[in-house]
Protein chains: 2
Amino acid sequence: MPNSDGARPRRPTLNDVAARAGVSRALASLVIRRAPGPSEESRTRVLQAADELGYRPDPSAQVLRSHRSRLLGVTLTVHDTFHADLVEAIYPAAAALGYEVLLTAVTPTRAEDEAIDALTASRCEGLILLGSVATPARLRELGATLPVVVLGRGAGGGKAAVDTVRTVDAAGLGRAVDHLVGLGHRRIVHVDAGRDAGAAERRRGYRDAMRRHGLDDLARIVPGRYTEQAGGDAARVLLDEPALPTAIVAANDRCAVGVLDAFLRAGVRVPQDVSVVGFDDSQLARLHHIDLTTVRQDAARMASLAVGAAAERLDDGRTDARDITLDPELVVRGTTAPPVTRRRAT
Amino acid sequence: MPNSDGARPRRPTLNDVAARAGVSRALASLVIRRAPGPSEESRTRVLQAADELGYRPDPSAQVLRSHRSRLLGVTLTVHDTFHADLVEAIYPAAAALGYEVLLTAVTPTRAEDEAIDALTASRCEGLILLGSVATPARLRELGATLPVVVLGRGAGGGKAAVDTVRTVDAAGLGRAVDHLVGLGHRRIVHVDAGRDAGAAERRRGYRDAMRRHGLDDLARIVPGRYTEQAGGDAARVLLDEPALPTAIVAANDRCAVGVLDAFLRAGVRVPQDVSVVGFDDSQLARLHHIDLTTVRQDAARMASLAVGAAAERLDDGRTDARDITLDPELVVRGTTAPPVTRRRAT
DNA sequence: GGGACCGTTTGGAACGTTCTAAACGTGGAG
DNA sequence: CTCCACGTTTAGAACGTTCCAAACGGTCCC
C-alpha cells in the first residue's frame, strides 16, 4: 500500500532478501543475477523472498562494484526524423544483446560535448553518436575512454579509435545525380550541410558525379545544413538569382523539405519547374504532401550494426576499429521529373 | 596521451587527488563538491591536483552514498515533433535548477512501463512523462515511489499522487470548433485519439462545443490516435461514405497531417472541399506544405513548469499534488476556410 | 578410515564516494 | 597560563552490491 504521509519507505536491500530467505547475502546475489551455482531450492527461496519484498537491485551499487552497467548511450537530434527511425531500431537491437539504452539530445542550446558528458556521467559503457560533429581528434580521445560508434559519417580516416557505421554517402549522391541526368537535367545544384555529419562525403559524391557526367562546369554547391531552416535559406538564395537551376539535390530530407517550402511560397512548382531530391528516406519524405524523391538509408540495419559493433568491443574485447559501410538506394517519388523544354515563342 | 594497446587506464579517484594535493580524502571531497569549509589554499591545491589528473567523480559512488543524483528522467515518443519541442525546452529549464536530464523513448515495441523502468534503474530522482498512457492507479503507485510530473493530460482526478502540467485541452477544442462555426461550418467531425494522453479531454471539449452551438445532432467522433497513420485511416473511413463533412478537427497535428495526406491522395482539396484543424502547433504544422490551422500549446512554458514542479518536490519537500493548467490559443493558417456554398445547376 | 573431489554456500574485503563526529591548531578571554 | 571557541581538517564508518578465497557437507575411491 502506498504510504500517504510523504515519507518514502526504505528500499529493501539484498541483505533484507537474504535474511528473509535464510541464506547469505552472497548466495542471494548469485541467485538475483542468475549466476550458475545456487541449488534449485535456494533459487526459489531467494526469488520468492525478493518478490515478496519487491526487491530491485540498486544499480549504483552494482556498477560501483562490478564496473559493468550494460548501458549504451545514444546522442540524437530530437527534431530529426531519421534519428527517430534509428533510435526506434536501436532499442530492439540493444535488447537482443542484453543492453539497455539511454538517450540524450543535442539541441541548439546543448552542444554534443555536453550531451556526451551526461551519458558518460550516467555510467554508459558505450556510446552511439547520431549525427556527430565531433572532430577526429575528439573522437580519438573519446574512443580511448570507451567504445564509441559513430553513425552516418566517417571518423576522419587513418588510425581511428572509434567504429563507424554509415551509408556510402558519395554513392548515394551519385545515384541522385545519375537519376537527374537521366531525366535530362544538367544544371543540378547541391545544397550541402557544411560541417554536419557526413556532409563532406556527400559533397564529394556530388562533385564526382557531376564530373563523371562531364558537367564539372555546371557543378555548384550552395551552403546549407541538415535543417529545414537552412534548406529554406539556400532556396531563397537561388530564388534571388536571375535563373533557377533545373534540379536540386539537398543534403538530407529535412533540408530538402526546407527547399520545397521556400519554392512553394515563391510560386515555383516542383517538379514542373525544379526537381528536388533528398537524402535519408525518413518518414518525412514519405508524407504524401511531400512525396520526396530521396536516397534511402537502411535505418534498421544501421542500428543493429552499430549496437553490434559496440557489443563486440565490450563483450568480445575487440580493439581494432571497424568502418562498416552500406549501399544506399534511390527511391523515386514525386519531386523529380524531366526539366521543362523551353519553347521559343512563335 | 591515449594508450594504444587497448587497455583502458584506471580512472583517478578522489584518493589519488587527495594524495597528490597532500590532503585527506574528506577534504578533497568537500572541495570537489563545492561545500563550505575548506580554506582558500586547500581549495586551489585540490582543484589543481584534480585538474592535473583529469579527475571526474564516479557518479555511482556519489549516488550510492549521498542518495542524490540530480537527474530527471523523461519519457517521449521519438517521432512526435511536439515532444521534441518539449524536450528541447526541458534541458535549459532543468539546467537552470541544477538538474541533468535523461531521455528514454516509448516506441511501438517498447511500452511505457519498460521506459519508466529504465529511468528508475538509472537512478533518476524524478520523472517527467510525455504523452503518458499509464492508468491513474499506476501513476499513483509510481508517485508513491518518486516525484512524477505528467505532461499533457490529467492524472485521473481525486487524490492524485503526481503533478500534472497541461493545456486546457477542452478549451482548445472549443476554440477550434468556434472558429469553424464562425466560418459557417456545421458538419464538423472530430478524429479523436482513443485512450492516448489527453484524448478524453479533447473529446469532451469537442462535444461541449458542438452542444454550445446547438450542433449536438451533427456531432460525430471518428476513432483515431496521435499518429499520421491513424489520421489517414480515419480520413479513409470518411472518404468511403456518401458525403464528407465540411470540417475536421483532429486529435493532434500528426493526426491532422495523416488526414490531409489521405485527402490529398483522394483528390479532396483542403481547405476548399474540407477544412482541417490540428492540435499542438508543432513544427510540423508550421511547414508551409502543411500550413495547418491548429491549437497552440506553449511548449517552453509547459517544460519549465514541469521541471519546476519536480524540483519543488525534490528540493523543497512539497508533497501535495499540483495540477497546473495553461490556456491554449488558436493559430489560424491555411487549412481552414468557409465551407463551399453548393450552387444549384441553372 | 582418510583423503580428494564435487557442488554449494559463506564471510569479509572491495568499489569510490559522502557523512559524522571528533581532532587539530590558533588566538583571545579570563 | 589555562581554557574555550572557532575555523579547518581528518579518520573511519557507511552506502548496497560483487568478488574472492575459503569453508562446508557429502560421496567416492583407494
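Here the structure is a predicted model, which means the values were calculated and not measured. Residue numbers start from 1 in every chain, and the chains themselves are labelled A, B, ... in the order their sequence lines are given, proteins ahead of strands. In what follows, every heavy atom counts, from backbone to side chain, and hydrogens, waters and symmetry copies are set aside.
For C:dG16, neither phosphate oxygen OP1 nor OP2 lies less than 4.0 angstrom from any side-chain nitrogen or oxygen of A:R123. Taking 4.0 angstrom as the limit, B:R25 places none of its side-chain polar atoms (N or O) nearer than this to OP1 or OP2 of D:dT10. In this model, the phosphate group of C:dT18 is approached by a side-chain N or O of B:S29 to a distance below 4.0 Å at OP1 or OP2.
Residue B:E40 contributes atom CD, which lies 14 Å from atom C1' of D:dG7 at whole-angstrom precision. Computed from coordinates, the A:R56 CZ to D:dG16 P distance equals 15 Å when rounded to whole Å. As a whole-Å value, the separation of B:D58 CG from D:dG16 P is 16 Å. Residue B:N15 contributes atom CG, which lies 13 Å from atom P of C:dA14 at whole-angstrom precision. Rounded to whole angstrom, the span from the CG atom of A:L30 across to the P atom of D:dT17 amounts to 14 Å. D:dG16 atom P lies 10 Å from atom OH of A:Y55, rounded to whole Å. In this structure, A:D16 places its CG atom 13 Å from C1' of D:dC15, rounding to the nearest Å. The distance between atom CD of B:E41 and atom C1' of C:dG25, rounded to the nearest whole Å, is 14 Å.
Where B:P12 and A:L27 meet DNA chain C, the nucleotide closest to each residue was compared, and A:L27 sits on the side nearer the 5' end. Map B:A26 and A:L14 each onto its nearest nucleotide of DNA chain D; the residue landing nearer the 5' end is B:A26. Residues B:S66 and B:G37 each lie close to DNA chain D; by heavy-atom proximity, the contact nearer the 5' end of the strand is made by B:G37.
Within 4.0 Å (heavy atoms only), B:P59 reaches no atom of the nucleic acid at all. Residue-level contact check: A:V23 touches the backbone only, with heavy atoms under 4.0 Å from sugar-phosphate atoms and none from bases. Across all strands, B:S39 comes closer than 4.0 Å only to sugar-phosphate atoms, never to a base (heavy-atom distances). Residue B:T13 is in sugar-phosphate contact alone, with no base atom involved, counting any heavy-atom pair closer than 4.0 Å across all strands shown. B:S42 comes within 4.0 angstrom of sugar-phosphate atoms only, judged by non-hydrogen atoms across all strands, and of no base.
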Start with the C-alpha distance between A:V148 and A:V150, add both sets of side-chain angles, then the distance that settles side chain to side chain contact (heavy atoms under 4.5 Å, CB included), and finish with yes or no.
CA-CA 6 Å; A:V148 174; A:V150 175; 4.3 Å; yes
Under the salt bridge (Lys or Arg N to Asp or Glu O under 4.0 Å) criterion, do A:E112 and A:R138 qualify, and how do the steps go?
CA-CA 11 Å; A:E112 182 175 8; A:R138 171 75 176 124; over 6 Å; no
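With a 6.0 Å radius and a threshold of 12 heavy atoms from other residues, nucleotides or ligands, B:R110 has its CZ atom above the threshold.
Contact annotation: the side chain of A:M302 approaches that of A:F82 to within less than 4.5 Å [non-hydrogen atoms, C-beta and beyond].
Side-chain proximity of B:A61 to the nucleotides C:dT9, D:dG16, C:dT17 is greatest for C:dT17. Of the listed nucleotides (D:dG16, C:dT10, C:dC19), C:dC19 has the atom at the smallest distance from the side chain of B:R33.
Put simply, CZ on B:R313 and OG1 on B:T319 are 7.0 Å apart, with the number rounded to the nearest 0.5 Å.
Looking at A:R123 and B:D58, no side-chain N of the basic residue comes within less than 4.0 Å of a carboxylate O on the acidic one, giving no salt bridge.
Judged by distance alone, with hydrogens and angles left aside, A:R65 brings a side-chain donor or acceptor within reach of the base of D:dT18, the pair sitting under 3.5 Å.
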